[in-house]
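Below: the structure, in structure tokens.
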Amino acid sequence: MRDKLTALLKVVVSVALIVFIFGRVDLAALRTRLAGANGFLILLALIVYFGAIVMNTAKWAILLRAQVPGVPFRALLRYTFIGVFFNNILPANIGGDVMRGYGLSAYTERKLDAAASVIVDRLIGLMAFVSSAVVAALIAIYTTHIPDLLVVGAMAVVALAALLFAFVVLFSRRWRVYLARLFDWSFLRPLAPVYGRLADAFGAYRFRYKTLFVAYLIGVTGLMLTNVVNYLLSQALGGGISFLAIALFNPLVGLVLLIPISVGGLGVNQNAYVGFYGLVGVPHDHALAVSLLIQALIIISSLPGGLLWLRGRNITR
């Protein structure tokens with residue numbers, strides 16, 4: 001019952017956010033923009049978006065090879081697309097990570113190593129997002145002198161510091177000792193063996209600096225591809241958003257979508273686009289139109305994952 005109520009609440013929040021943001025824009029201008037969109041650029045954006053998914057799979061493959069060698073790239077690509085599908089129907093845009101870990105656990109008996117690779121993959125991806133946003137914020141603040149961007153830049157710096165702390169906690173032996181003490185509490189004691197094995201799995205990445213760095217570079221490349229997707233969609237609608245603004249706000253939109261208050265980011269995505277891009281003078285109807293096209297691309301790109309998941313269920317029956 002609680003799960004059903006939570007799902008219903010997310011639907012209500014998504015609807016409320018969509019109604020709110022559509023009430024802030026000129027609907028006639030929005031329809032005109034969407035009706036005049038360049039179909040070729042939208043198709044090109046979709047192809048590039050699929051390329052970003054493949055690139056993110058390569059990042060995961062690099063990290064997984066350090067823990068669980070021998071898993072074919074084709075299998076990882078399958079699990080990635082299934083993850084993309086579940087990101088649209090599970091909360092906080094991390095439901096896909098759960099499904100990736102679950103799928104991979106069926107491929108190998110080293111389940112905690114597989115889970116660690118998924119978590120480190122997510123953290124590396126976030127690190128690529130946030131560090132890129134910090135760099136873009138510094139450039140934007142220096143070149144545009146828009147006061148509101150100082151707040152955005154501060155948000156990016158705080159997020160980067162939080163991620164760096166997370167890496168320290170995961171890979172530091174000293175922090176592992178501190179966290180292990182929590183499992184002395186009676187209600188956590190049954191989980192102590194699981195924590196110990198999971199900590200060992202993370203520890204395997206401790207001195208793999210090259211692996212982590214290569215994964216980070218691939219993550220940055222994947223992010224740049226999604227920046228290109230946003231730019232192509234903006235150009236398809238007549239232009240008006242600079243690539244620098246996209247490089248700054250695209251990672252921050254991704255962070256906002258981690259907040260588990262809506263269904264598949266619906267409503268949150270649209271409000272984030274209008275709010276962030278409005279800081280640099282992008283008309284609300286243009287920002288909303290881009291967000292709607294992005295949402296459509298996300299849904300379309302998730303369909304192969306849904307088909308693969310259904311096919312897998314039918315085979316196991």
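Everything numeric here is computed off the predicted structure, so don't read it as measured data.
Across all their heavy atoms, F85 and G305 have their closest contact at CB-C, 3.8 Å. In this structure, G240 and S234 approach most closely via the heavy-atom pair N-OG, 4.0 Å. Pairing each heavy atom of L212 with each of L63, the nearest pair is CD2-CD2, 3.9 Å. Contact between V130 and A156 at its shortest, heavy atoms only, is CG1-O, 3.1 Å. Residue A272 comes nearest to V256 through the heavy atom pair CB-CG1, 4.3 Å, listed as atom of the first residue, atom of the second, then distance. A pairwise comparison of heavy atoms in L149 and A140 identifies CD1-CB, 3.8 Å as the closest pair.
Hydrophobic clustering (side-chain heavy atoms under 4.5 Å, transitive across Ile, Leu, Val, Met, Phe, Trp, Tyr) groups L164 together with L138. Transitive grouping of hydrophobic side chains (ILVMFWY, heavy atoms separated by less than 4.5 Å) brings L27 and V282 into a common cluster. Put simply, F40 and I42 are part of the same group of oily side chains (I, L, V, M, F, W, Y) that touch within less than 4.5 Å, one to the next. Note: the hydrophobic cluster containing I246 also contains I146 (ILVMFWY, side chain heavy atoms under 4.5 Å, direct or indirect links). Following chains of ILVMFWY side-chain contacts shorter than 4.5 Å, one cannot reach L307 starting from V84, and the two form parts of different hydrophobic clusters.
For the pair S14 (side chain) and L266 (backbone), a donor-acceptor distance under 3.5 Å is present.
Put simply, the residue from N87, L252, V268 that forms a side-chain contact (heavy atoms from CB on, under 4.5 Å) with L257 is V268. With N230 as the partner, the side-chain contact (heavy atoms from CB on, under 4.5 Å) test is satisfied by one option alone out of I241, V290, V253: V290.
Distance check, rounded to the nearest 0.5 Å: CG of L293 to CD1 of I298 gives 11.0 Å. In this structure, the separation between OH on Y273 and CD1 on I294 is 4.0 Å, given to the nearest 0.5 Å. The CG atom of L225 lies 11.0 Å from the CD1 atom of I53; values are rounded to the nearest 0.5 Å. Remark: W60 CH2 to L77 CG distance equals 10.0 Å, nearest 0.5 Å. Atoms CG and CZ, from D285 and R33 in turn, are 4.5 Å apart once rounded to the nearest 0.5 Å. A distance of 7.5 Å separates CG in N227 from OG in S132, rounded to the nearest 0.5 Å.
Partners of L46 by side-chain contact (heavy atoms from CB on, under 4.5 Å), not counting sequence neighbours, listed by chain and number: F50, L297, I300. Residues that satisfy the side-chain contact (heavy atoms from CB on, under 4.5 Å) test with V228, not counting sequence neighbours, are V48, L232, F243. Applying the side-chain contact (heavy atoms from CB on, under 4.5 Å) rule to L150 yields the partners I141; only residues at least two apart in sequence or on another chain are considered.
The salt bridge (Lys or Arg N to Asp or Glu O under 4.0 Å) analysis of residues 218-247, with sequence neighbours excluded, yields no pairs.
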H284 and L288: CA distance, side-chain angles, deciding distance, side-chain contact (heavy atoms from CB on, under 4.5 Å) verdict
CA-CA 6 Å; H284 288 179; L288 180 56; over 6 Å; no

Test log, rule ring-ring contact (aromatic ring centres under 6.0 Å, His included), inputs W309 and F86
CA-CA 10 Å; W309 178 69; F86 277 95; 5.1 Å; yes

Could you walk me through whether F276 and N250 satisfy the side-chain contact (heavy atoms from CB on, under 4.5 Å) test, starting with their C-alpha distance in whole Å, then the side-chain angles of each, then the deciding distance to 0.1 Å, before giving a yes or no?
CA-CA 9 Å; F276 280 130; N250 182 37; over 6 Å; no

For F213 and Y209, run ring-ring contact (aromatic ring centres under 6.0 Å, His included): C-alpha distance rounded to whole Å, both residues' side-chain angles, the deciding distance at 0.1 Å, then the answer.
CA-CA 6 Å; F213 183 65; Y209 304 118; over 10 Å; no

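Between S131 and Y216, the closest side-chain pair of non-hydrogen atoms falls below 4.5 Å. Within the 4.5 Å cutoff, the side chain of R122 has heavy atoms near those of the L126 side chain. Side-chain contact check for K59 versus V214: every heavy-atom pair is 4.5 Å or farther apart. Residues S291 and V274 fail the side-chain proximity criterion, which asks for heavy atoms closer than 4.5 Å. Two residues are said to be in side-chain contact when any heavy atoms from C-beta on lie closer than 4.5 Å; L255 and F129 fail this criterion. Counting heavy atoms from C-beta outward, V280 and L248 have side chains that stay 4.5 Å or more apart.
The environment of Y231 atom OH is sparse: at most 12 non-hydrogen atoms of other residues, nucleotides or ligands sit within 6.0 angstrom.
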For residues 16-26, dump all side-chain donor-acceptor pairs below 3.5 Å to protein atoms at least two apart in sequence or in another chain.
unit_1 : atom_1 : unit_2 : atom_2 : d
D26    : OD1    : A28    : N      : 3.1
D26    : OD1    : A29    : N      : 3.3

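Hydrophobic clustering, defined by side-chain heavy atoms of Ile, Leu, Val, Met, Phe, Trp and Tyr closer than 4.5 Å, groups I139 together with V135, L244.
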